[in-house]
Enquirer: 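Got a structure for you, questions after.
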Amino acid sequence: MGNSNEELEKQRAKRKRVAKMKRFIVTTVLVFMLVTISALSFLIYEVFSLQRQLNALSQQVYTATDVADSNEMVDDSYLDDVYRVEDIDNDAVEGDIPKVYLTFDDGPSENTEEILDILDDYNVKATFFVVGKDVEEYGDAYRRIVEDGHTIGMHSYVHTYDKLYASKESFVEDYNKIHQLILDVTGVDTKYYRFPGGSSNNVSNVSKSELINFLNEQGVVYYDWNVVAGDATAIAFTSDDIIDNVMSDVVKYKTSVVLLHDASNKDATVEALPGLIEALQAEGAMILPITDETTVIHHVNVVQ
(Lines give C-alpha, C1' and ligand atoms only; values in the text may rest on other atoms or scores of the structure.)
Protein backbone atom coordinates (compact mmCIF):
# COMPACT_ATOMS: atom_id res chain seq x y z
CA MET A 1 0.00 0.00 0.00
CA GLY A 2 2.86 2.31 0.89
CA ASN A 3 4.55 1.60 -2.42
CA SER A 4 1.33 2.45 -4.26
CA ASN A 5 1.12 5.81 -2.48
CA GLU A 6 4.75 6.56 -3.23
CA GLU A 7 4.24 5.69 -6.88
CA LEU A 8 1.14 7.84 -7.04
CA GLU A 9 3.00 10.77 -5.48
CA LYS A 10 5.82 10.35 -7.99
CA GLN A 11 3.35 10.40 -10.88
CA ARG A 12 1.66 13.51 -9.48
CA ALA A 13 5.04 15.23 -9.04
CA LYS A 14 6.01 14.24 -12.55
CA ARG A 15 2.76 15.60 -13.97
CA LYS A 16 3.31 18.84 -12.07
CA ARG A 17 6.83 19.15 -13.51
CA VAL A 18 5.55 18.46 -17.02
CA ALA A 19 2.74 20.95 -16.61
CA LYS A 20 5.16 23.53 -15.24
CA MET A 21 7.51 22.91 -18.15
CA LYS A 22 4.63 23.27 -20.62
CA ARG A 23 3.56 26.54 -19.03
CA PHE A 24 7.16 27.77 -19.21
CA ILE A 25 7.45 26.82 -22.87
CA VAL A 26 4.08 28.35 -23.76
CA THR A 27 4.92 31.52 -21.82
CA THR A 28 8.32 31.75 -23.47
CA VAL A 29 6.81 31.30 -26.93
CA LEU A 30 4.11 33.87 -26.22
CA VAL A 31 6.69 36.40 -24.92
CA PHE A 32 8.90 35.78 -27.95
CA MET A 33 5.95 36.27 -30.31
CA LEU A 34 4.90 39.43 -28.47
CA VAL A 35 8.41 40.85 -28.63
CA THR A 36 8.67 39.93 -32.32
CA ILE A 37 5.31 41.49 -33.15
CA SER A 38 6.23 44.62 -31.20
CA ALA A 39 9.56 44.88 -32.99
CA LEU A 40 7.90 44.39 -36.38
CA SER A 41 5.24 46.95 -35.52
CA PHE A 42 7.93 49.42 -34.52
CA LEU A 43 9.87 48.79 -37.74
CA ILE A 44 6.73 49.19 -39.85
CA TYR A 45 5.92 52.41 -38.04
CA GLU A 46 9.45 53.69 -38.63
CA VAL A 47 9.26 52.79 -42.33
CA PHE A 48 5.98 54.65 -42.78
CA SER A 49 7.30 57.56 -40.72
CA LEU A 50 10.38 57.75 -42.91
CA GLN A 51 8.22 57.57 -46.03
CA ARG A 52 6.09 60.46 -44.76
CA GLN A 53 9.23 62.48 -44.09
CA LEU A 54 10.54 61.72 -47.57
CA ASN A 55 7.21 62.69 -49.12
CA ALA A 56 7.19 65.92 -47.14
CA LEU A 57 10.75 66.67 -48.19
CA SER A 58 9.90 65.98 -51.82
CA GLN A 59 6.92 68.30 -51.59
CA GLN A 60 9.11 71.01 -50.09
CA VAL A 61 11.56 70.64 -52.96
CA TYR A 62 8.77 70.91 -55.51
CA THR A 63 7.25 74.00 -53.95
CA ALA A 64 10.23 75.69 -52.32
CA THR A 65 10.36 79.43 -52.86
CA ASP A 66 12.52 82.22 -51.60
CA VAL A 67 10.93 84.59 -49.11
CA ALA A 68 13.98 86.71 -48.43
CA ASP A 69 15.32 87.44 -51.90
CA SER A 70 13.28 87.10 -55.07
CA ASN A 71 16.42 86.17 -57.01
CA GLU A 72 17.46 83.21 -54.83
CA MET A 73 17.20 79.89 -56.67
CA VAL A 74 14.91 77.05 -55.70
CA ASP A 75 16.50 73.62 -55.39
CA ASP A 76 16.28 71.74 -58.70
CA SER A 77 17.91 68.60 -57.33
CA TYR A 78 14.82 66.45 -57.82
CA LEU A 79 15.00 67.05 -61.57
CA ASP A 80 18.33 65.45 -62.22
CA ASP A 81 17.09 61.92 -62.70
CA VAL A 82 13.47 62.61 -63.56
CA TYR A 83 13.66 63.25 -67.27
CA ARG A 84 15.26 61.07 -69.88
CA VAL A 85 14.57 62.16 -73.42
CA GLU A 86 13.69 59.23 -75.66
CA ASP A 87 14.62 60.18 -79.22
CA ILE A 88 15.73 57.30 -81.41
CA ASP A 89 16.88 59.67 -84.14
CA ASN A 90 19.32 61.22 -81.67
CA ASP A 91 20.85 57.92 -80.55
CA ALA A 92 24.55 57.79 -81.35
CA VAL A 93 25.85 55.24 -83.84
CA GLU A 94 29.40 54.22 -84.61
CA GLY A 95 31.27 56.91 -86.49
CA ASP A 96 29.22 59.83 -85.16
CA ILE A 97 31.05 62.94 -84.07
CA PRO A 98 29.13 63.98 -80.95
CA LYS A 99 27.89 67.54 -80.70
CA VAL A 100 27.90 68.74 -77.10
CA TYR A 101 26.23 71.92 -75.87
CA LEU A 102 27.34 73.03 -72.43
CA THR A 103 24.51 75.08 -70.92
CA PHE A 104 24.71 76.99 -67.65
CA ASP A 105 21.56 77.93 -65.68
CA ASP A 106 20.85 80.37 -62.85
CA GLY A 107 23.62 82.94 -63.39
CA PRO A 108 25.17 85.33 -63.57
CA SER A 109 27.20 85.17 -60.36
CA GLU A 110 30.84 85.45 -59.38
CA ASN A 111 31.24 81.90 -60.66
CA THR A 112 30.11 83.02 -64.10
CA GLU A 113 33.25 85.14 -64.47
CA GLU A 114 35.46 82.15 -63.58
CA ILE A 115 33.58 79.93 -66.01
CA LEU A 116 33.97 82.51 -68.76
CA ASP A 117 37.73 82.64 -68.06
CA ILE A 118 38.00 78.86 -68.37
CA LEU A 119 35.96 78.76 -71.58
CA ASP A 120 38.19 81.48 -72.99
CA ASP A 121 41.33 79.51 -72.07
CA TYR A 122 40.06 76.54 -74.06
CA ASN A 123 38.49 78.63 -76.84
CA VAL A 124 35.15 76.93 -76.16
CA LYS A 125 31.74 78.54 -76.59
CA ALA A 126 28.75 77.69 -74.40
CA THR A 127 25.20 78.81 -73.63
CA PHE A 128 24.05 80.72 -70.56
CA PHE A 129 20.39 80.72 -69.55
CA VAL A 130 20.34 83.70 -67.21
CA VAL A 131 17.95 85.01 -64.57
CA GLY A 132 17.26 88.55 -63.42
CA LYS A 133 20.03 90.07 -61.33
CA ASP A 134 21.01 93.57 -60.25
CA VAL A 135 22.42 95.22 -63.37
CA GLU A 136 24.86 97.43 -61.49
CA GLU A 137 26.46 94.36 -59.95
CA TYR A 138 26.13 91.86 -62.79
CA GLY A 139 25.74 93.99 -65.92
CA ASP A 140 29.34 93.30 -66.95
CA ALA A 141 28.74 89.55 -66.67
CA TYR A 142 25.67 89.71 -68.93
CA ARG A 143 27.67 91.74 -71.44
CA ARG A 144 30.74 89.55 -71.28
CA ILE A 145 28.71 86.43 -72.09
CA VAL A 146 27.73 88.04 -75.36
CA GLU A 147 31.05 89.78 -76.07
CA ASP A 148 32.95 86.51 -75.61
CA GLY A 149 30.82 84.88 -78.30
CA HIS A 150 28.57 82.73 -76.12
CA THR A 151 24.82 82.33 -76.52
CA ILE A 152 22.61 84.05 -73.97
CA GLY A 153 19.12 82.78 -73.25
CA MET A 154 16.32 83.37 -70.77
CA HIS A 155 15.75 81.28 -67.63
CA SER A 156 12.99 83.48 -66.16
CA TYR A 157 13.51 86.67 -64.17
CA VAL A 158 12.70 85.52 -60.65
CA HIS A 159 13.17 81.72 -60.88
CA THR A 160 10.66 81.43 -58.04
CA TYR A 161 8.20 78.74 -59.01
CA ASP A 162 5.05 79.88 -57.26
CA LYS A 163 5.44 83.37 -58.69
CA LEU A 164 6.52 82.36 -62.19
CA TYR A 165 3.95 79.59 -62.69
CA ALA A 166 1.06 81.11 -60.74
CA SER A 167 -0.75 82.07 -63.94
CA LYS A 168 -0.17 82.70 -67.61
CA GLU A 169 -0.16 86.41 -66.86
CA SER A 170 2.61 86.04 -64.27
CA PHE A 171 4.65 83.96 -66.70
CA VAL A 172 4.22 86.53 -69.48
CA GLU A 173 5.14 89.39 -67.14
CA ASP A 174 8.25 87.52 -66.01
CA TYR A 175 9.19 86.70 -69.62
CA ASN A 176 8.91 90.35 -70.63
CA LYS A 177 11.15 91.40 -67.72
CA ILE A 178 13.99 88.98 -68.46
CA HIS A 179 13.76 89.51 -72.21
CA GLN A 180 13.89 93.29 -71.79
CA LEU A 181 16.73 93.12 -69.28
CA ILE A 182 18.90 91.11 -71.68
CA LEU A 183 18.00 93.39 -74.58
CA ASP A 184 18.74 96.57 -72.62
CA VAL A 185 22.03 95.35 -71.15
CA THR A 186 23.50 93.38 -74.06
CA GLY A 187 21.57 94.52 -77.12
CA VAL A 188 20.64 90.89 -77.86
CA ASP A 189 17.02 90.08 -78.74
CA THR A 190 17.41 86.53 -77.52
CA LYS A 191 15.05 83.86 -78.81
CA TYR A 192 16.11 81.02 -76.51
CA TYR A 193 14.35 80.04 -73.30
CA ARG A 194 14.71 77.35 -70.65
CA PHE A 195 11.83 76.67 -68.30
CA PRO A 196 12.88 76.57 -64.65
CA GLY A 197 12.35 72.91 -63.85
CA GLY A 198 12.27 72.00 -67.53
CA SER A 199 9.27 71.98 -69.85
CA SER A 200 7.85 68.87 -68.17
CA ASN A 201 8.03 70.14 -64.59
CA ASN A 202 5.14 69.30 -62.30
CA VAL A 203 5.06 72.55 -60.36
CA SER A 204 3.22 74.81 -62.79
CA ASN A 205 -0.34 75.89 -62.05
CA VAL A 206 -0.75 76.70 -65.73
CA SER A 207 -1.19 74.28 -68.60
CA LYS A 208 2.25 73.95 -70.14
CA SER A 209 0.70 74.14 -73.60
CA GLU A 210 -0.40 77.72 -72.86
CA LEU A 211 3.13 78.73 -71.93
CA ILE A 212 4.72 76.92 -74.87
CA ASN A 213 2.21 78.46 -77.27
CA PHE A 214 3.04 81.87 -75.85
CA LEU A 215 6.75 81.29 -76.49
CA ASN A 216 5.95 80.07 -79.99
CA GLU A 217 4.05 83.30 -80.64
CA GLN A 218 7.17 85.25 -79.64
CA GLY A 219 9.30 83.20 -82.03
CA VAL A 220 11.15 81.75 -79.03
CA VAL A 221 12.60 78.23 -78.91
CA TYR A 222 12.76 76.51 -75.53
CA TYR A 223 15.56 74.10 -74.75
CA ASP A 224 15.57 71.31 -72.20
CA TRP A 225 18.46 68.90 -71.66
CA ASN A 226 19.29 65.22 -72.12
CA VAL A 227 22.49 65.06 -70.05
CA VAL A 228 22.77 66.18 -66.43
CA ALA A 229 25.98 66.93 -64.58
CA GLY A 230 24.34 66.47 -61.19
CA ASP A 231 25.48 69.85 -59.91
CA ALA A 232 21.93 70.87 -59.00
CA THR A 233 21.60 68.22 -56.31
CA ALA A 234 22.06 68.63 -52.60
CA ILE A 235 24.62 65.81 -52.78
CA ALA A 236 28.16 67.13 -52.62
CA PHE A 237 29.41 65.77 -55.93
CA THR A 238 33.12 66.22 -56.53
CA SER A 239 34.47 67.67 -59.74
CA ASP A 240 35.39 64.13 -60.83
CA ASP A 241 31.81 62.99 -60.18
CA ILE A 242 30.46 65.79 -62.36
CA ILE A 243 32.81 64.85 -65.18
CA ASP A 244 31.86 61.17 -64.90
CA ASN A 245 28.14 62.01 -64.86
CA VAL A 246 28.43 63.94 -68.12
CA MET A 247 30.82 61.62 -69.93
CA SER A 248 28.73 58.54 -69.15
CA ASP A 249 25.78 60.06 -71.05
CA VAL A 250 27.20 62.13 -73.91
CA VAL A 251 28.36 58.96 -75.63
CA LYS A 252 24.71 57.96 -76.05
CA TYR A 253 23.62 60.84 -78.28
CA LYS A 254 24.44 62.60 -81.52
CA THR A 255 23.43 65.86 -79.83
CA SER A 256 23.90 66.29 -76.09
CA VAL A 257 22.56 69.32 -74.26
CA VAL A 258 24.29 69.27 -70.89
CA LEU A 259 22.63 70.81 -67.83
CA LEU A 260 25.13 72.72 -65.69
CA HIS A 261 24.79 75.64 -63.29
CA ASP A 262 26.78 78.80 -62.66
CA ALA A 263 25.06 80.04 -59.51
CA SER A 264 27.21 81.32 -56.65
CA ASN A 265 27.23 77.97 -54.81
CA LYS A 266 28.44 75.89 -57.76
CA ASP A 267 32.17 75.88 -57.03
CA ALA A 268 32.43 72.18 -57.93
CA THR A 269 31.16 73.01 -61.43
CA VAL A 270 33.92 75.56 -61.85
CA GLU A 271 36.50 73.04 -60.65
CA ALA A 272 35.15 70.36 -62.98
CA LEU A 273 34.97 72.46 -66.14
CA PRO A 274 38.60 72.21 -67.33
CA GLY A 275 38.65 68.44 -66.89
CA LEU A 276 35.24 68.12 -68.53
CA ILE A 277 36.32 70.10 -71.59
CA GLU A 278 39.50 68.05 -71.90
CA ALA A 279 37.57 64.78 -71.57
CA LEU A 280 35.09 65.86 -74.27
CA GLN A 281 37.87 66.96 -76.59
CA ALA A 282 39.65 63.65 -76.05
CA GLU A 283 36.47 61.92 -77.26
CA GLY A 284 36.50 64.08 -80.39
CA ALA A 285 33.34 65.93 -79.41
CA MET A 286 32.40 69.25 -80.95
CA ILE A 287 31.61 71.68 -78.11
CA LEU A 288 29.22 74.31 -79.42
CA PRO A 289 26.92 77.14 -78.33
CA ILE A 290 23.22 76.81 -79.06
CA THR A 291 22.24 78.42 -82.36
CA ASP A 292 19.30 78.25 -84.75
CA GLU A 293 20.99 75.17 -86.27
CA THR A 294 21.06 73.20 -83.02
CA THR A 295 18.92 70.10 -82.71
CA VAL A 296 16.17 71.05 -80.28
CA ILE A 297 15.94 68.91 -77.15
CA HIS A 298 12.47 68.94 -75.59
CA HIS A 299 11.00 67.03 -72.68
CA VAL A 300 7.55 67.98 -73.93
CA ASN A 301 7.40 67.24 -77.64
CA VAL A 302 3.66 67.27 -78.27
CA VAL A 303 1.53 70.11 -76.94
CA GLN A 304 -2.14 69.27 -76.49
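Not measured: the values here are computed from a predicted model.
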Enquirer: If I compare all heavy atoms of I152 with all of T190, which pair ends up nearest, and what's the gap?
Expert: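 It is O-OG1, 2.7 Å.
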Enquirer: Is any side-chain heavy atom of V250 closer than 4.5 Å to a side-chain heavy atom of L280?
Expert: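 Of all side-chain heavy-atom pairs linking L280 with V250, at least one is under 4.5 Å.
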Enquirer: Under 3.5 Å, is there a donor on one side chain and an acceptor on the other for D105 and H261?
Expert: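 Side chains of D105 and H261: no pair found under 3.5 Å.
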Enquirer: Can you tell me how the ring of F171 sits relative to the ring of Y165, calling it parallel under 30°, perpendicular over 60° and tilted otherwise?
Expert: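 If you compare the ring of F171 with that of Y165, the planes turn out parallel.
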Enquirer: Do K99 and I287 come close enough that some side-chain heavy atom pair is under 4.5 Å?
Expert: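 Answer no - side chains too far apart.
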Enquirer: Are Y122 and F104 linked, directly or through intermediate hydrophobic residues, by side-chain heavy-atom contacts shorter than 4.5 Å (ILVMFWY only)?
Expert: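 Same cluster: F104 reaches Y122 through Ile, Leu, Val, Met, Phe, Trp or Tyr contacts under 4.5 Å.
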Enquirer: For residues S109 and A263, report the shortest heavy-atom separation together with the two atoms involved.
Expert: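 Shortest heavy-atom contact: OG-C, 3.3 Å.
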Enquirer: Can you see which heavy atom on Y101 is nearest to which on L288, and at what distance?
Expert: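 Reported closest heavy-atom pair: CD2-O, 3.1 Å.
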Enquirer: For the atom pair CG (N245) and CG (L260), what is the distance rounded to the nearest 0.5 Å?
Expert: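 Taking CG in N245 and CG in L260, the distance rounds to 10.5 Å.
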Enquirer: Examine Y222 together with F195 and report whether their ring centres are nearer than 6.0 Å.
Expert: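 Yes, the ring of Y222 comes within the 6.0 Å limit of the ring of F195, centre to centre.
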Enquirer: Please determine whether a side-chain nitrogen of the Lys or Arg among K252 and D249 lies less than 4.0 Å from a carboxylate oxygen of the Asp or Glu.
Expert: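 Judged by the 4.0 Å cut-off on N to carboxylate O distance, K252 and D249 do form a salt bridge.
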Enquirer: Taking L102 as the fixed residue, which of L273, T127, I290 is the one that meets the side-chain contact (heavy atoms from CB on, under 4.5 Å) rule?
Expert: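 The passing option is L273.
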Enquirer: Should D120 and K125 count as an ion pair when the cut-off is N to O under 4.0 Å?
Expert: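 K125 and D120: not salt-bridged.
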Enquirer: Do the side-chain N and O atoms of Q180 and N176 include a donor-acceptor pair separated by under 3.5 angstrom?
Expert: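 N176 and Q180 do not have a side-chain donor-acceptor pair below 3.5 Å.
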Enquirer: Can you confirm whether more than 12 heavy atoms, excluding those of L30, are under 6.0 Å from its CG atom?
Expert: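 Atom CG in L30 is crowded, with more than 12 foreign heavy atoms closer than 6.0 Å.
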Enquirer: Checking the side chain of Y157 only, and the main-chain atoms of H179 only, is there a donor and an acceptor separated by less than 3.5 Å?
Expert: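 Not confirmed, Y157 side chain does not pair with H179 backbone.
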Enquirer: In terms of side-chain geometry, is the basic nitrogen of D148 or R144 positioned less than 4.0 Å from the acidic oxygen of its partner?
Expert: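 So D148 pairs with R144 through a salt bridge.
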Enquirer: Taking T255's backbone N and O only, do any of them form a donor-acceptor pair with N226's side chain (distance below 3.5 Å, no angle check)?
Expert: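 A pair under 3.5 Å: yes.
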